[in-house]
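Letters go in sequence order (proteins before strands), and every chain restarts at 1.
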Protein chains: 2
Amino acid sequence: MATIMDVAKLSGLSKTTVSRVINNHAYVSEEKRMLVLKAMEELDYYPNPAARRLRGQLTTTIGVIIPKITNPFFAYLVDAIEQTAYEKGYQVMIFQSNEDPVKELSFLSLLKTKQVDGIIMTAIENEWEKIEPFLAYGPIVLCNEYMNEPAVPVIKMDQFKGTYMGVKHLIERGHQKIAYCTGGLFAEEGKDRDRNRGYQKALEEAGITVNPNWVFVDRHTIEDGKQVLKKIMKMENRPTAVFTGSDEIAAGMMAEATELGIRIPEEIAIIGFDDQPLAALLTPKLTTVRQPVDQMGQKAAEVIIEQLQDETVAICQYELPIEVIIRHST
Amino acid sequence: MATIMDVAKLSGLSKTTVSRVINNHAYVSEEKRMLVLKAMEELDYYPNPAARRLRGQLTTTIGVIIPKITNPFFAYLVDAIEQTAYEKGYQVMIFQSNEDPVKELSFLSLLKTKQVDGIIMTAIENEWEKIEPFLAYGPIVLCNEYMNEPAVPVIKMDQFKGTYMGVKHLIERGHQKIAYCTGGLFAEEGKDRDRNRGYQKALEEAGITVNPNWVFVDRHTIEDGKQVLKKIMKMENRPTAVFTGSDEIAAGMMAEATELGIRIPEEIAIIGFDDQPLAALLTPKLTTVRQPVDQMGQKAAEVIIEQLQDETVAICQYELPIEVIIRHST
DNA sequence: TTGTATGCGTTATCAG
DNA sequence: CTGATAACGCATACAA
């Protein structure tokens, strides 16, 4: 590995001058700049990131914290971020928290030693009070999650509206008994709070009251979906439609329904969330709420890079549109 | 961030001694060791990886190069690797090559500056001659790919057998006209060569000759699958079964078949590859060749860590079992 | 406009 | 058994 010293020697100049051209400083004569550039080329020189980090420099590295890469939603999100970052000359490091707050904190602390210049968080496992101090070491951007304090840039989707529209679609189809399945809790605050409100609002407007028996919390996987469907089918008074928190859950429900010989949407209508490729492959094709995951990833990358390049840039919130894709499961 | 110097001061010892206890060197009295440990604890000290890297030290970081994270096969593979590595105290960095040889090389060169201690490659985009030199900087483990030279550890699955068994299953079901769909080329060497051989062997044993019109190369996506099915359906003399290179392709074919009102498996039987969660969600459920991706990822992580911890360890090849999961699409 | 000297946090070498 | 010192590669304050 060629070092800055090698370049200096070959070009007959000092380390300092070489460093200056690397970092595009002013006060370098065009003539010497060329000399340096030529030497760099010749030696295939590339600055050692470890040395830069040790100096506390930025290194065009951004970290992305995700709960789980096997969740397609996050895989696509990461892909979009990576794509955009790469085009702008940034590398991304992917960290799986597995929803473990301790891991999340340990990833955040990578900022301290400049292992990463900034971090995009796509979920939040800790109290904001625990996360906030890390801002001193580098920018944090929230993507797909948000806090009420406007201390950091946020890129999110209008989950309230998405859910509202999804449930409304069900109502328009004539359903009155609509179950609700969420990855979070059915609470005023915390995860999926906006979705919860969207569900409630839509029902309320139609003069329907929430039936707590039909609210399923903390459901994530295909297996969860299967269980939920089984549960529903055992109920005496059962819903005719269900709004789910992800296409996976919806897929699990559909698989179980097929197993049990229950017809969709005739006996039970199902709507998903995300619009993953999977959705269009199911039979019947799944009606779902599309999240513009590519746009979101792209925006998140753009915003954090902007923060990195210009510390004074304003802190904004971005809300991306969301839409219901009507197929054949409702 | 506390540094080694802070620890030294607090414990009343020198940097050197502190460094010695960090690295478990011999020749440190139990008494001072305790002093140091206590100070480290108190200051929440953690060695700066950048400094270590600069010194050319190992840093318990392993890199994984994958083509594309949105491909569920690789998402699950990465997840398994990450899980295993984490348990053993290693972090993993994920790099997407997007099948770009240049990117692959740039990731490999991270070894030079010890950004990563070792690399697991899950695909190979360059000639081995280009990759081989990087071995001088750290171990490389091949996972899901292999070269004929035994210079590096390899963890692979018996793709030959998997394909052979899959095609044989089709033959046992009475099919004689069996199409073949691969992500690589239908060549003696290169990507998917073992699968090609498995297909040929199974046909040969049954006295069937390969029909080149029924061989589809370089197919990867759901969309590709749809196209292939359309093509097949337009043929005058068309196959009654098709062996596909991935569950995605199979899913695409099935979706298109449903669209066209073609019954599976009656009119055309389809077998997938991978056994992704998706496979059991399709209608009919997809018969597929299961790849033990979790085991493979785990083994890959174990092997590279072994290499890292003991340079003299033997270079082995591991071949994992593979099986046909018979469901309802064949 | 250019160069010298210093320090970032570690570990290795060598002397005590 | 312990400690001072140099070196890893780079960027900056300061000098020239």
Taking atom C1' of C:dG9 as reference, at what distance in whole Å does atom NZ of A:Lys114 sit? 16 Å
Determine whether A:Gln159 and A:Asn144 make a side-chain contact, defined as any pair of heavy atoms from C-beta on separated by less than 4.5 Å. yes
So if I take the C1' atoms of five pairs at each end of the helix from C:dT1-D:dA16 to C:dG16-D:dC1 and get each local axis, what angle do the two axes make, rounded to 10 degrees? 50°
Among residues 40-53 of chain B, which ones have heavy-atom contacts with DNA chain D below 4.0 Å? none
Can you pull the ring-ring contact (aromatic ring centres under 6.0 Å, His included) pairs that have at least one residue in residues 98-128 of chain B, sequence neighbours excluded? B:Phe95-B:Phe107
Within the side chain of A:Gln307, is there an N or O that forms a donor-acceptor pair under 3.5 Å with the backbone of A:Pro139? no
Positions of residues 5-16 of chain A (non-hydrogen atom under 4.0 Å from DNA chain D), listed by number: A:Lys15, A:Thr16
Can you check side-chain contact (heavy atoms from CB on, under 4.5 Å) on A:Leu58 and A:Lys114, steps first, answer last? CA-CA 7 Å; A:Leu58 262 33; A:Lys114 289 287 174 234; 4.0 Å; yes
Enumerate the residues from residues 55-62 of chain A whose closest heavy atom to DNA chain C is under 4.0 Å, giving them by residue number; use none for an empty result. A:Arg55
Can you check the A:Leu54 CG to D:dT12 C1' distance for me, whole Å? 14 Å
Tell me whether B:Asp117 contacts the main-chain N or O of B:Ile62 through its side chain, where contact means a donor paired with an acceptor under 3.5 Å. no
Return all side-chain donor-acceptor pairs below 3.5 angstrom for residues 297-306 of chain B, not counting sequence neighbours, or 'none' if the list is empty.
from     : atom 1 : to       : atom 2 : distance (Å)
B:Gln298 : NE2    : B:Glu302 : OE2    : 3.1

Spacing of A:Ile22 atom CD1 relative to D:dC10 atom P, expressed in whole Å: 7 Å
Does a side-chain N or O from B:Thr17 land closer than 4.0 Å to OP1 or OP2 of D:dG3, or not? yes
Looking at every strand, decide which applies to A:Ser19 at a 4.0 Å heavy-atom threshold: base, sugar-phosphate, or nothing. base
Could you give the CD1-to-P distance, from A:Ile4 to C:dT4, as a whole number of Å? 14 Å
Under 4.0 Å between a side-chain N/O of B:Lys32 and OP1 or OP2 of D:dT2, yes or no? yes
With a 3.5 Å distance limit and no angle check, can you tell me whether A:Ser11 reaches the backbone of A:Val7 through a side-chain donor-acceptor pair? yes
All salt bridge (charged side-chain N to carboxylate O under 4.0 Å, His left out) counterparts of B:Glu189, not counting sequence neighbours: B:Arg193
Quick one: side chains of residues 45-55 of chain A, donor-acceptor pairs under 3.5 Å with protein atoms, not counting sequence neighbours, listed by atom name and distance.
from    : atom 1 : to       : atom 2 : distance (Å)
A:Asn48 : OD1    : A:Ala50  : N      : 2.8
A:Asn48 : OD1    : A:Ala51  : N      : 3.4
A:Arg52 : NH2    : A:Asn23  : OD1    : 3.2
A:Arg53 : NH1    : A:Thr59  : OG1    : 3.1
A:Arg53 : NH1    : A:Gln115 : O      : 3.3

Across all chains, not counting sequence neighbours, the side-chain contact (heavy atoms from CB on, under 4.5 Å) partners of A:Asn24 are A:Arg33
Atom CG of A:Asn24 and atom P of D:dC10 are separated, to the nearest Å, by 16 Å
Between C1' of D:dC10 and CE of A:Met1, the distance in whole Å: 14 Å
Taken in chain and number order and not counting sequence neighbours, the residues that satisfy salt bridge (charged side-chain N to carboxylate O under 4.0 Å, His left out) with B:Glu132 are none
Identify, with sequence neighbours excluded, every residue that meets salt bridge (charged side-chain N to carboxylate O under 4.0 Å, His left out) alongside A:Lys191. none
Taking only side-chain nitrogens and oxygens of B:His25, does any of them come within less than 4.0 Å of OP1 or OP2 of C:dT11? no
Test item: A:Glu104 side-chain N/O and A:Asn126 main-chain N/O as donor-acceptor pair under 3.5 Å: yes
Assign each of B:Tyr27 and A:Val18 to its nearest nucleotide of DNA chain D by heavy atoms, then name whichever residue's nucleotide is nearer the 5' end. B:Tyr27
Between C1' of C:dC8 and CD of A:Gln115, the distance in whole Å: 13 Å
Sorted by chain and residue number, the ring-ring contact (aromatic ring centres under 6.0 Å, His included) partners of B:Phe74 (sequence neighbours excluded) come out as none
